[in-house]
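Step one of this worksheet: look at the structure below.
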2 protein chains.
Amino acid sequence: MIIVYDVEEKRVARVCKFLKGYLHWIQNSVFEGELTDGKFRELQVGLKKRIKADKDSILFFKMRAQYDIEKEVMGVEKSAPDAFL
Amino acid sequence: MIIVYDVEEKRVARVCKFLKGYLHWIQNSVFEGELTDGKFRELQVGLKKRIKADKDSILFFKMRAQYDIEKEVMGVEKSAPDAFL
């Protein structure tokens, strides 16, 4: 799955640190990785506590399988290629 | 497809405006939509002219089909739901 967050500056570090416990950081506000349903629910519960639902926004993109998606980078590659899924 | 950009502040407006001509803006630095192969190549050529490849980073996530991906939003929904694909 891919997660992109858009949260207010004061909550960025907290949200980013929390997500690092579950997924690979691949760009500025983008994380990617595989999660079981249980881990995903845990992550959502934790995120809800760390954001303000009326101000912040988190996007979750869920793919059924790794081969459903093809990733390409233009410019600077900010994470090691093997960090992908 | 989904495009997430991470470019230096001075180039954000230019990149954002350019992408709006091809895709739907769904969050801060995230765009989403369908593109033919031709339009995608055109978009890549245009983006290359507008970013600095040694400083900026653009991520492209390509799905073969719309049903390959499931989107979920937590918090503020920043674009109309019908703007999705």
Side-chain angles (χ1 to χ4, degrees), chain A residues 1-9 11-12 15-16 18-19 24-33 35 37 40-41 43-79 81 83-85, chain B residues 1-9 11-12 15-16 18-19 24-33 35 37 40-41 43-79 81 83-85:
Chain A
M1 73 176 313
I2 302 162
I3 296 186
V4 190
Y5 65 77
D6 181 6
V7 304
E8 283 193 1
E9 188 128 11
R11 287 183 290 279
V12 165
V15 166
C16 190
F18 174 73
L19 287 173
H24 307 289
W25 177 82
I26 55 164
Q27 195 200 65
N28 190 15
S29 53
V30 189
F31 283 83
E32 153 184 278
L35 288 178
D37 287 346
F40 179 56
R41 277 191 296 271
L43 177 145
Q44 287 195 303
V45 169
L47 268 181
K48 269 185 193 137
K49 288 182 196 156
R50 287 166 178 85
I51 67 164
K52 280 207 192 291
D54 56 337
K55 288 188 175 156
D56 303 330
S57 180
I58 315 260
L59 284 173
F60 304 93
F61 296 100
K62 291 188 272 183
M63 278 72 68
R64 271 184 303 277
Q66 187 173 342
Y67 50 75
D68 281 340
I69 199 163
E70 197 189 308
K71 193 177 73 155
E72 209 178 307
V73 183
M74 182 188 288
V76 187
E77 178 110 31
K78 303 211 170 178
S79 67
F84 181 50
L85 296 177
Chain B
M1 71 178 313
I2 302 162
I3 296 185
V4 190
Y5 65 78
D6 182 5
V7 303
E8 283 192 0
E9 188 129 11
R11 286 184 291 279
V12 165
V15 167
C16 191
F18 174 72
L19 287 172
H24 307 289
W25 176 82
I26 56 163
Q27 196 200 65
N28 191 14
S29 53
V30 189
F31 282 81
E32 156 183 278
L35 288 178
D37 287 346
F40 179 57
R41 277 191 296 271
L43 177 144
Q44 287 195 304
V45 170
L47 268 180
K48 270 184 193 140
K49 288 182 197 158
R50 287 165 177 86
I51 67 165
K52 280 208 191 290
D54 57 337
K55 289 189 174 154
D56 303 328
S57 179
I58 315 260
L59 285 172
F60 303 93
F61 297 100
K62 291 189 271 183
M63 279 72 68
R64 270 184 302 279
Q66 186 172 345
Y67 50 75
D68 281 340
I69 199 164
E70 195 189 311
K71 192 177 76 158
E72 210 179 305
V73 183
M74 183 188 287
V76 187
E77 176 108 34
K78 304 213 171 177
S79 68
F84 180 50
L85 295 180

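Values in this document were obtained by computation on a predicted structure and should not be read as measured data. Numbers restart at 1 for each chain; the letters A, B, ... are given by sequence-line order, proteins then strands.
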Original post:
Of all heavy-atom pairs between A/V76 and B/S57, which one has the smallest distance, and what is that distance?
Top reply: O-OG, 2.7 Å
Original post:
If you count heavy-atom pairs under 4.5 Å between each of A/V7, A/L47, A/I2, A/D54 and chain B, which one has the most?
Top reply: A/I2
Original post:
What part of B/I51 is in contact with chain A, defined as an atom under 4.5 angstrom from a non-hydrogen atom: side chain, backbone, both or neither?
Top reply: side chain
Original post:
chain A heavy atoms under 4.5 Å from B/V30: which part of the residue, side chain, backbone, both or neither?
Top reply: side chain
Original post:
How many angstroms lie between CE in A/M74 and CG in B/L43, if you round to the nearest 0.5 Å?
Top reply: 7.5 Å
**OP:** Drop me the distance from B/M63's CE to A/E70's CD, to the nearest 0.5 angstrom.
**Re:** 11.0 Å
Subject >> Taking every non-hydrogen atom, the tightest pair across B/F61 and A/E32 >> reply: CE2-OE1, 3.3 Å
Original post:
In terms of heavy-atom proximity below 4.5 Å to chain A, should B/K48 be classed as side chain, backbone, both, or neither?
Top reply: both
Original post:
What part of B/D56 lies closer than 4.5 angstrom to a heavy atom of chain A: side chain, backbone, both or neither?
Top reply: backbone
